[in-house]
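Taking it in order: structure first as C-alpha cells, then the write-up.
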There are 2 protein chains.
Amino acid sequence: MHGMTQIVTQRSANPGRQMAIASQPRPEPRDALDLLEQFGSNVAIERDHEILSQGDRAEYCYKILSGCVRRVKLLEDGRRQVGEFLMAGDLFGFEALDTHDFSAEAVSDVVLRRYPRRMVEALAESQFAFARRLRDMAAVSLRLAHGRLMLLGRKTASERIASFVLEMAERLPGRNDRMVELPMSRTDMADHLGLTIETVCRVLAVLRREGTIAVARGGVEIRDRAGLELMASEPRH
Amino acid sequence: MHGMTQIVTQRSANPGRQMAIASQPRPEPRDALDLLEQFGSNVAIERDHEILSQGDRAEYCYKILSGCVRRVKLLEDGRRQVGEFLMAGDLFGFEALDTHDFSAEAVSDVVLRRYPRRMVEALAESQFAFARRLRDMAAVSLRLAHGRLMLLGRKTASERIASFVLEMAERLPGRNDRMVELPMSRTDMADHLGLTIETVCRVLAVLRREGTIAVARGGVEIRDRAGLELMASEPRH
DNA sequence: CGCGCCTTTGACGGCACTCAATGAGTGTGG
DNA sequence: CCACACTCATTGAGTGCCGTCAAAGGCGCG
C-alpha cells in the first residue's frame, strides 16, 4: 500500500486548551475536525488498561496524542484478533454505530483526547465539511481493513510479517525511515497477523539471519527495504 | 482477465423516483438514498463479467437489483481474496475514495442500478440525512469487515464454513430460513474464506455426514441450526 | 454421446501450531 | 548491589490441519 492516505491529524498546537477562534491569526486550510477540539478533554490511560470495551455504548470518540492502542476482538474460548494498532495522531471510535464492536486497550501508556460522541453527531448534522471528513475517515479505515483481509486470507507467515513491518514503517514518519518502532508485544503482533507468537519469532529470526532486518528491543531496523517489499507481496496497484 | 465488460443500459423504468425497492406496502419513512433514484440508470451484467476494476477511478456507485456480485482483490501471483459477496438490495462503491480498491464481478447474471458518483457527492454536500446515511453504510461495512478479520485470522476451516453458511442464511430473507442459496462457486467460497476449494468441499462433506446440513446444487439446507451456530464460534456479544 | 467445467474424494506433504525448555530483560526486596 | 521472581522472547522437537497433487464423479450443453 504505497503512499496510502493516512489519517493525518494536523498537530493541534494546544491540545489541552480551548482554541479561541477569534485569536487565530491566519488559519491554514483547517481540518474540519478542529471543530471538535473545544469539546475535547485529555485522558491518560496506563499500559494494558482498557479504554473501552466491545459492546459498550459509544459515548466518546478519541484521538491518540501519544502512545499506542490496540483494537481487540475476542472469541468465547479466548482466541483474540487485534484488528489494528493505532499510533499518535490516529483517531478511533468515530466509525461506531450505537455500540463499539472492538475493545480498545493501551499497548503503552497512552494520552488520549476524548470527544463526546453527541458533539460529533451534532457537528456531522450541521457542518458538511465535518460530515465529509468523517466519511473519508471511514473510507480509509475500510480500505485498510480490506488490505488486511488479503493479508489474513491469502498471505504466508513471512509475507504477513514483511507487510506488517513495512506498514508500521510508513505510519511512523520518524526522521529515520529505517528504524521501525514496534511498541506492541509479540503476542499482539501474532494476534494481529493471525499467527502464533512462536511463528512471529521464527520469521523475524529468519529475516535477521538473511540480513533483511535487524531486531532490537522495541523495534526493528530495515536493512534491505527492497527485499522486504518483495517478500511482502503487496496487491497490484 | 475475463472478457470485456458488457454493459447493457436499459431504460430506467421509472425516471421519476421510487424504484420500489421491495414493494413496501406502505410508504415508509423514506430512505435518504431515495434522493439518488432520479439519477440512476439500470445496467445488466453477464455472469463472470467485470463490473469495475481495482484501481479504476470511482465514477459510479451501484445498487444490486438482482443477482450476486463478488468483490475481488488480487496478488501479483494470482492469489485471490473475495472481500464480500453482495446480493439483491446491497449497495457498493459508495465507500470509494477516488479509486476503487476492489474489483467487482458478476457471480450470476446481474442487474444493477448505477448512480453517478458526482451526484452522490453533491447530495452528501447538500443533504445531511444523505450524508448520514452514507456514513452509516460505511460503518456497517466496517463492522462486517471486522468480523471477517476474526474469521480469517483465528477461525478453523469448519468454523469459517459454518459462519459463512449462517451469514448467508441471515442475509437472504427467503421465506424458508433453512434453505440457503449459494450462487457462487466453490472457488469463490474458498477465496472468500481463505481456504482451498478442496477444503471447502471436505468440510461441507463432513457437515453433511454429521447431518448438520444437506448439500444441494446451488445451495445448502440447514438441518441443525443449533449445531451450526455452535460450530461457528461467533464472537461474544 | 462426448466434451468441458465444476465438484468431490483420496493420498501425501509442508507450513504453521503445540508443547516444552532456555534465554533475556525488568522490577522488587533483602 | 545482587538475588530472586516474573514476564516476555527465542529456539527446538514433534504433530496436525490444511494445502498440493491427482483422479474420479456429476452435470449441462452442443
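Residue numbers begin at 1 in each chain, while the letters A, B, ... track the order of the sequences.
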Q: Would you please classify the geometry between the B:Tyr115 ring and the B:Phe94 ring as parallel, tilted or perpendicular, with 30° and 60° separating the classes?
A: tilted
Q: For A:Arg160, report the nucleic acid contact type (base, sugar-phosphate, nothing); a contact means any heavy atom under 4.0 Å.
A: nothing
Q: Check the distance between D:dC17's P and B:Arg154's CZ and give it to me in whole angstrom.
A: 16 Å
Q) Are A:Arg113 and A:Glu37 close enough for a salt bridge, meaning some N to O gap below 4.0 Å? A) yes
**Q.** Contact nearer the 5' end of DNA chain D, comparing B:Ser158 with A:Thr199
**A.** A:Thr199
Q) NA contact type, B:Leu195, heavy-atom cut-off 4.0 Å: base, sugar-phosphate, or nothing? A) sugar-phosphate
**Q.** A:Arg202 CZ to C:dT18 C1', straight-line distance once rounded to whole Å
**A.** 10 Å
**Q.** Length of the line joining B:Glu159:CD and D:dC17:P, which is rounded to integer Å
**A.** 12 Å
**Q.** Nearest heavy-atom neighbours spanning A:Arg79 and B:Lys155
**A.** NH1-CA, 3.9 Å
Q. Nearest-Å distance, CG (B:Asp188) to C1' (C:dC6)?
A. 12 Å
(Q) How many whole angstroms separate atom CD1 of A:Ile161 from atom C1' of D:dT10? (A) 14 Å
Q. Taking atom types as they are modelled, is there a donor-acceptor pair under 3.5 Å from the base of C:dT9 to the side chain of B:Arg209?
A. no
Q. Is any side-chain N or O of A:Arg47 closer than 4.0 Å to OP1 or OP2 of D:dT7?
A. no
Q: Tell me which nucleotide among D:dG19, C:dA16, C:dC17 gets nearest to the side chain of A:Thr156.
A: C:dA16
Q) Is the shortest side-chain N to carboxylate O distance from B:Asp90 to B:Arg171 below 4.0 Å? A) yes
Q) Counting side-chain heavy atoms from CB outward, which of C:dT9, D:dT10, C:dT7 is closest to B:Arg208? A) C:dT9
(Q) Expressed as a whole number of angstroms, how long is the span from A:Asp77:CG to C:dT18:P? (A) 11 Å
Q. Given atom CZ of B:Arg186 and atom P of C:dC6, what is their separation to the nearest angstrom?
A. 13 Å
Q: Tell me what A:Gly218 touches on the nucleic acid: a base, only sugar-phosphate, or nothing, going by heavy atoms under 4.0 Å.
A: nothing
**Q.** Lys/Arg N to Asp/Glu carboxylate O, A:Arg208 vs A:Glu221, below 4.0 Å
**A.** no
(Q) Tell me whether the side-chain N or O atoms of B:Arg217 pair up with the base of D:dG26 as donor and acceptor below 3.5 Å, since no angle test is needed here. (A) no
(Q) Can you measure B:Ile197 atom CD1 to C:dT8 atom C1' for me and round it to whole angstrom units? (A) 9 Å
